[in-house]
Amino acid sequence: MKIASFNINGVKARIETLPRWLDEAQPDVALLQEIKSVDENFPREIFEERGYRVETHGQKSFNGVAILSKLPLEDVTRGLPGDDEDEQARYIEATVMGEVPIRVCGLYLPNGNPTPGPKYDYKLAWMKRLESRAVELLSAEEPFLMAGDYNVIPQDEDAKRPEVWQEDALARPESRAAFRRLLNLGLTEAFRARNSASGQFTFWDYQAGAWNKDDGIRIDHFLLSPQCADLLQDVQIDKEERGRSKPSDHVPIWVDLAA
DNA sequence: ATGTCGTACCGAGTACGA
């Protein structure tokens, strides 16, 4: 089963790019971030006519996450537990009912800039809530994954120019420590489990010719529970998507699971 | 040396978020 994550930076802006990628990449499940759409305006027909079930958790203008799945979905939940006041649409969960049921968590972690400040505080608090949710899910000892735009550059080798990110919320020590705490719970970062090379990126800014200079960062990640990591067969970044017409600033990343 | 894009609001250009 192929499960992909893709920060599309606006579903309306990607109305041609996204179906073309789906037709080529043929993921069974796609976790989307930054749909920038309310649920009522999400163009679900485009995906339904390709055989996908569609579950969204949207809001006006910003954020918003969605799950597309060719397999049945059960127990869909919206929002990250732990703060009833949080109105930002950044998290959705569902169980994909394949041969082996997999709980999938699609997430768009807060950017957190500028640091220090309230936005950074919100990011770190959000990461604590994510950790709590991971602890909860781990107790079931079943396959699950948390995938999406983490807005965290885990280590210096995950950036072309780590020095320019030093004071940025994506690379600050507290952000990296919070990400590491997730790994230390026993989650496997799929890409790094299979690939130790530096210079492997998932995001290139639209500005300053970042793509042409390969001036990127690796911030989109798959974290797998132990039972899910046992199923891991392959993990890849669809880098070439960034060079096509009307690209998002992120590219898809996907795992193939023996499930 | 310079350099973006998407969305809202609302009808053009500006503000915001990334």
Side-chain angles (χ1 to χ4, degrees), chain A residues 5-21 30-44 46 56-66 80 86-91 106-127 130 147-154 158-172 174-176 178-179 201-221 237-253:
Chain A
S5 166
F6 192 1
N7 180 323
I8 58 174
N9 191 17
V11 70
K12 229 181 296 170
R14 233 52 68 200
I15 206 73
E16 286 171 19
T17 309
L18 185 54
R20 198 231 347 102
W21 168 70
L31 307 172
L32 306 180
Q33 301 90 39
E34 281 204 271
I35 63 173
K36 297 187 177 178
S37 165
V38 292
D39 297 334
E40 309 84 80
N41 293 344
F42 192 81
R44 46 191 311 127
I46 292 175
T56 59
H57 180 39
Q59 73 178 82
K60 199 161 108 174
S61 307
F62 308 119
N63 308 324
V65 288
L80 180 62
D86 188 358
E87 304 209 324
Q88 301 193 28
R90 297 179 171 276
Y91 190 83
L107 64 100
Y108 174 46
L109 210 144
N111 175 293
N113 281 303
T115 68
K119 291 189 173 181
Y120 191 50
D121 296 341
Y122 174 67
K123 175 181 197 156
L124 296 177
W126 206 93
M127 293 187 82
L130 186 64
D149 177 358
Y150 277 75
N151 268 315
V152 174
I153 302 166
D158 298 312
K160 175 80 163 198
R161 297 186 298 150
E163 67 279 5
V164 308
W165 295 97
Q166 266 187 350
E167 297 306 315
D168 194 283
L170 278 61
R172 291 287 305 154
E174 300 86 354
S175 302
R176 286 183 168 178
F179 186 77
F201 308 132
T202 64
F203 170 93
W204 295 260
D205 203 293
Y206 288 124
Q207 297 186 68
W211 168 245
N212 291 325
K213 294 187 281 198
D214 195 27
D215 184 5
I217 51 178
R218 196 173 70 87
I219 55 175
D220 298 85
H221 310 296
I237 295 168
D238 282 348
K239 180 176 182 179
E240 68 281 359
E241 284 298 315
R242 188 62 177 81
R244 310 188 84 151
S245 65
K246 287 284 282 174
S248 169
D249 40 7
H250 295 250
V251 296
I253 172 172

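In what follows, every chain begins at residue 1, and chains take the letters A, B, ... in the order their sequences are listed.
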Short side-chain to backbone donor-acceptor contact, A/Thr17 and A/Lys246, under 3.5 Å: yes
Close approaches to DNA chain B from residues 106-119 of chain A, in residue order (heavy atom, under 4.0 Å): A/Tyr108, A/Asn111, A/Lys119
Distance between P atoms of B/dG17 and B/dA12 (Å, rounded): 25 Å
Distance test, side-chain N/O of A/Arg14 to OP1/OP2 of B/dC5, below 4.0 Å: no
Nearest-Å distance for atom pair CD1/P, residues A/Ile8 and B/dC5: 17 Å
Test side-chain hydrogen bond (donor to acceptor under 3.5 Å, both in side chains) applied to A/Trp204 and A/Asp214, A/Asp249, A/Asn212, the passing residue: A/Asp214
Partner of A/Ile219 under side chain to side chain contact (heavy atoms under 4.5 Å, CB included), chosen from A/Asn151, A/Val152, A/Asp158: A/Asn151
Separation of atom NZ in A/Lys60 from atom C1' in B/dC9, rounded to whole Å: 9 Å
B/dA8 phosphate, OP1 or OP2, under 4.0 Å from A/Lys36 side-chain N/O: no
Ionic contact status for A/Arg244 with A/Asp238, cut-off 4.0 Å: no
Short side-chain donor-acceptor distance under 3.5 Å, A/Asn111 and A/Lys123: no
Atom pair distance, as rounded to whole Å: CZ in A/Phe62 and C1' in B/dG6: 9 Å
Side chain of A/Ala208 - closest among B/dG17, B/dA18, B/dG3: B/dG3
Of A/Asn63 and A/Lys213, the one whose closest DNA chain B nucleotide lies more 5': A/Lys213
Whole-Å P distance, B/dG6 and B/dT2: 24 Å
Whole-Å distance separating the NE2 atom of A/His250 from the P atom of B/dC5: 15 Å
Distance, rounded to the nearest Å, where A/Gln59 contributes CD and B/dA8 contributes C1': 13 Å
Spacing of the P atoms in B/dC10 and B/dA15 (rounded, Å): 14 Å
Candidates B/dG3, B/dA8, B/dG6 - which lies nearest the side chain of A/Ser61: B/dA8
Heavy atoms from other residues, nucleotides or ligands near CD of A/Glu87 exceed 12 (cutoff 6.0 Å): no
A/Asn9, A/Ile8, A/Asp220 screened by side chain to side chain contact (heavy atoms under 4.5 Å, CB included) with A/His250, the one that passes: A/Asp220
Contact nearer the 5' end of DNA chain B, comparing A/Val11 with A/Asp249: A/Val11
Among A/Lys160, A/Arg161, A/Arg242, the one residue meeting salt bridge (charged side-chain N to carboxylate O under 4.0 Å, His left out) with A/Asp215: A/Arg161
Between B/dG11 and B/dT7 - C1' atom distance, rounded Å: 15 Å
Interatomic distance at P, B/dA1 relative to B/dC5, whole Å: 23 Å
Touch class at under 4.0 angstrom, heavy-atom based, for A/Ala13 against every strand present: sugar-phosphate
Length of the OH-P vector between A/Tyr120 and B/dA18, whole Å: 15 Å
Closest to the A/Lys12 side chain, choosing from B/dG3, B/dA8, B/dG17: B/dA8
Interatomic distance, A/Glu34 CD vs B/dG17 P [rounded to whole Å]: 13 Å
Nearest-Å distance for atom pair CD/P, residues A/Gln33 and B/dG6: 17 Å
